[in-house]
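Below, chains carry the letters A, B, ... as their sequence lines are ordered, and counting in each starts from 1.
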Amino acid sequence: MSDTVRVRIAPSPTGDPHVGTAYIGLVNYAYARQNKGQFLLRIEDTDRERSTRASELAIYDALRWVGLEWDEGPDVGGPFGPYRQSERAEIYREHAMVLVRSGAAYPCFCTPEELDKIRLRQRTLKRQTGYDGTCRAIPKDEALARMASGETHVIRLRVPEGRTTILDRLRGPVEIENQQIDDQILLKSDGFPTYHLANVVDDHLMGITDVIRAEEWISSTPKHYMLYKAFGWQEPRFAHMPLLRNKDKSKISKRKNPVSLLYYRQVGVLPETMRNYLALLGHSMKDEREVFELDEFVNEFSFDRISLGGPVFDIEKLLWLNGMRIRALAPDALAARIRDHLYDLPRIAEMVPMAQERMRTLGDFAEVTSFYLVMTPKLQADDLRDACKGRSGKEAATLVAGSIEALDALKAFDKESLEAGLKAYCETAGVPAGDLYSLFRVALTGRKGAPPLMESMVILGRAVTTQRLRAAIEALKVLPEPKKA
RNA sequence: GGCCCUUUAGUCUAUCGGUUAGGACACAAGACUCUCAAUCUUGGGAGACGGGUUCGAUUCCCGUAAGGGCCA
């Protein structure tokens with residue numbers, strides 16, 4: 001292993017770029033810079049169904065926005081590429097074969113039906129479920145021959161007896177019985193690798209010295225140790241950072257929190273606030289300073305100063321910090337930032353079609369479009385009440401909640417998709433579309449009269465739209481019942 | 001269900017065996033102010049529980065509980 005520190009983040013390009021990615025990225029970045037090492041970005045797009053190019057580009061955009069520059073990656077290149085897993089399929093296949101030949105892995109020919117049967121039997125016997133190892137016993141020659149004949153198979157890791165002890169820099173040794181670990185699938189029947197194989201192979205081939213990732217991976221680390229051992233490779237050091245949490249302490253999720261970096265950017269959180277705030281979670285500076293710059297964090301970051309309780313992502317404190325940082329800006333600098341954020345021409349141009357026919361003076365533009373720009377429109381109880389069209393607040397809340405799922409299911413967030421998706425939802429829910437739209441209008445704009453809905457949603461974007469709908473659901477749930485006339 | 005991780009106020013955290021348990025957000029009160037913010041001052045609020053170890057535990061060990069993650 002080389003002396004220079006090499007670390008990486010490896011996000012999957014599915015959905016919006018996530019605050020968790022920025023959080024882990026920040027720590028990796030700080031560690032790399034502090035040690036004069038390299039910070040790499042690898043795109044884990046082996047899930048061909050869900051990975052999109054748009055999402056990959058959004059990751060670049062969002063990570064650069066928070067100020068994390070990488071030394072090697074799909075877009076900037078580097079000596080250890082390609083850095084996109086979908087372009088490395090052959091490498092994984094070859095490595096899987098190495099393990100099959102050495103006996104550390106074996107092909108499994110069991111069909112899904114057979115696996116179901118195994119599971120069912122284990123369940124009725126109240127035994128631990130998992131692969132029973134049927135194909136382990138197939139002699140290597142026979143197995144190789146069947147593979148060569150084109151018989152459908154996956155490749156599984158032959159998990160040895162005994163126990164595995166991993167070393168986590170933050171927790172010390174963690175021990176686990178190998179029995180707990182299933183014979184992992186390394187290569188799927190379509191020839192694509194699973195996370196574990198791809199991850200270990202890439203980390204090794206890319207010279208990664210330190211794996212700093214989220215705690216959710218800690219229980220798969222023993223599998224990774226086994227793989228390193230099977231290949232005869234030195235494993236990197238591991239550090240598992242605490243997981244960011246929702247208010248209810250569950251793993252941070254878009255159902256309960258805005259998690260898209262794009263959301264925070266759009267709403268006007270400064271990038272330096274975002275990285276400063278993330279640096280406050282799970283780590284503290286020596287003098288407990290809370291407002292500081294990236295380079296200070298790079299200097300002071302230490303694994304010794306990490307606390308392991310999963311921190312709740314608190315938007316209140318984020319906004320307080322943002323206010324502090326806004327006030328600390330020189331007026332000229334702030335002016336420029338506001339101009340870039342609010343009055344950049346493409347953005348205005350997007351809103352003009354909504355505003356033009358509603359304007360008598362130029363100044364009216366500010367009024368008409370204010371709800372696009374504000375972080376949270378104020379919701380009047382009366383307006384919500386009216387928008388319920390006779391339903392109770394709770395019923396309306398359920399209706400909106402269902403519509404969010406319909407929106408989530410949309411691949412594209414454009415006018416046509418929105419219209420089709422919402423219409424279909426209303427039909428299955430047995431609700432006139434107009435009723436839902438009234439709720440949407442108030443939820444999204446804080447007004448009863450506003451520019452066209454679908455277009456407005458497109459301008460607001462997916463993250464802001466869903467966040468506002470969720471806020472409206474909360475308001476609807478506690479909506480006082482109307483006084484009986 | 002099995003395994004693993006975690007545990008200081010509503011939230012983020014300091015403390016690396018001896019402190020009146022410190023700071024920050026939020027909250028409350030007051031000051032300033034045409035108002036609202038901002039700012040300043042003040043206030044309430046914490047070591048999950050039970051055992052050990054020790055002269056002494058928030059701190060070390062064990063158990064329980066709770067929360068979380070992963071696997072199924």
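If you check B:U7 for Watson-Crick or wobble pairing at under 3.5 angstrom, you find it paired to B:A65. Base pairing annotation: B:U19 forms no Watson-Crick or G-U wobble pair, as no partner gives both donor-acceptor distances under 3.5 Å. With a cut-off of 3.5 Å on both Watson-Crick or G-U wobble distances, the partner of B:C36 is given as none. When Watson-Crick and G-U wobble pairs are counted only if both distances are under 3.5 Å, B:A28 pairs with B:U42. In this structure, B:C71 forms a base pair with B:G1, meeting either the Watson-Crick or the G-U wobble geometry with both donor-acceptor distances under 3.5 Å.
In this structure, A:Ser250 does not reach the B:G68 phosphate: none of its side-chain N or O atoms is under 4.0 Å from OP1 or OP2.
For the side chain to side chain donor-acceptor pair (under 3.5 Å) test, residues two or more places apart in sequence or in another chain that qualify with A:Asn178 are A:Thr164. For A:His18, there are no ring-ring contact (aromatic ring centres under 6.0 Å, His included) partners two or more places apart in sequence or in a different chain. Every ring-ring contact (aromatic ring centres under 6.0 Å, His included) that A:Tyr225 has, sequence neighbours left out, goes to A:Phe238. Considering only residues two or more places apart in sequence or on other chains, A:Asp382 meets the side chain to side chain donor-acceptor pair (under 3.5 Å) condition with none of them. Residues that satisfy the side chain to side chain donor-acceptor pair (under 3.5 Å) test with A:Arg265, not counting sequence neighbours, are A:Asp61. Take A:Gln380 and apply the side chain to side chain donor-acceptor pair (under 3.5 Å) test, not counting sequence neighbours, and it matches no residue.
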Set out, line by line, the N/O atom pairs under 3.5 Å between protein and nucleotides 40-46 of chain B.
none

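On the P atoms, B:U20 is 40 Å away from B:C4, given to the nearest whole Å. On the P atoms, B:A38 is 48 Å away from B:G1, given to the nearest whole Å. Spacing between B:C5 and B:A9 at atom P, rounded to whole Å, works out to 22 Å. When the P atom is used for both B:G10 and B:G18, the distance is 25 Å, rounded to whole Å. The same atom, P, is picked in B:U59 and in B:G69; the two are 26 Å apart, to the nearest Å. Annotation: B:G45 and B:C12 have their C1' atoms spaced 15 Å apart (nearest Å). B:U8 and B:U13 are spaced 9 Å apart, taking the C1' atom of each and rounding to whole Å. When the P atom is used for both B:A21 and B:U58, the distance is 10 Å, rounded to whole Å.
A:Leu319 places its CG atom 16 Å from the C1' atom of B:A38, with the value rounded to the nearest Å. Atom CH2 of A:Trp320 and atom P of B:C25 are 5 Å apart (whole Å). The separation between A:Gln179 atom CD and B:G1 atom P is 20 Å, rounded to whole Å. Atom CE of A:Met241 is separated from atom P of B:C4 by 23 Å (rounded to the nearest Å). A:Asn246 places its CG atom 9 Å from the P atom of B:G69, with the value rounded to the nearest Å. B:A37 atom P lies 20 Å from atom CG of A:Leu334, rounded to whole Å. We find that CG of A:Asp248 is positioned 7 Å from P of B:G68, with the value rounded to whole Å. Computed from coordinates, the A:Ile181 CD1 to B:C70 P distance equals 16 Å when rounded to whole Å.
The residues A:Asp408 and A:Arg255 are annotated as salt-bridged, a charged nitrogen and a carboxylate oxygen being separated by less than 4.0 angstrom. A salt bridge is defined here as a Lys NZ or Arg NE, NH1 or NH2 lying under 4.0 Å from an Asp or Glu carboxylate O, and A:Asp344 with A:Arg339 fails to meet this definition.
Taking the centre and axis of the six-membered ring of A:Phe39, the NZ or CZ atom of A:Arg33 falls outside the cone set by 45° and 6.0 Å.
Annotation: A:Arg50, atom CZ; neighbour count of heavy atoms from other residues, nucleotides and ligands within 6.0 Å does not exceed 12.
Counting only N and O atoms by type, the side chains of A:Ser253 and A:Asn246 include a donor and acceptor under 3.5 Å apart.
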Practice item. Take nucleotides 5-12 of chain B nucleotide by nucleotide from the 5' end and write B, S or -, depending on whether a protein heavy atom sits under 4.0 Å from the base, only from the sugar-phosphate, or from neither. Key: BS----SB

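When each of A:Lys286 and A:Trp217 is assigned the nucleotide of RNA chain B with its nearest heavy atom, A:Lys286 is the one assigned upstream, toward the 5' end.
The side chain of A:Glu216 lies closest to B:C70, out of B:G68, B:A14, B:C70. With B:A14, B:G2, B:C70 as the candidates, the nucleotide lying closest to the side chain of A:Gln180 is B:G2.
Applying the ring pair (Phe, Tyr, Trp, His ring centres under 6.0 Å) rule to pairs touching residues 268-288 of chain A yields A:Tyr277-A:Phe313, A:His283-A:Phe297, A:His283-A:Phe301, sequence neighbours excluded. Listed by first then second residue, pairs satisfying ring pair (Phe, Tyr, Trp, His ring centres under 6.0 Å) with a partner in residues 168-187 of chain A number zero, not counting sequence neighbours.
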Under 3.5 Å, which donor-acceptor pairs do the side chains of residues 319-334 of chain A form with other protein atoms, sequence neighbours left out?
| unit_1 | atom_1 | unit_2 | atom_2 | d |
| --- | --- | --- | --- | --- |
| A:Asn322 | OD1 | A:Leu270 | N | 3.0 |
| A:Asn322 | OD1 | A:Thr273 | OG1 | 2.5 |
| A:Asn322 | ND2 | A:Gly268 | O | 3.2 |
| A:Arg325 | NH1 | A:Asn276 | OD1 | 2.6 |
| A:Arg325 | NH1 | A:Phe292 | O | 3.2 |
| A:Arg325 | NH2 | A:Glu293 | OE1 | 2.8 |
| A:Arg325 | NH2 | A:Glu293 | OE2 | 2.5 |
| A:Arg327 | NE | A:Gly323 | O | 3.4 |

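At a threshold of 4.0 angstrom between heavy atoms, the contacts of A:Arg305 are confined to the sugar-phosphate backbone, with no base atom among them.
Of all the residues in residues 324-331 of chain A, A:Met324, A:Arg327 reach under 4.0 Å from RNA chain B with at least one non-hydrogen atom.
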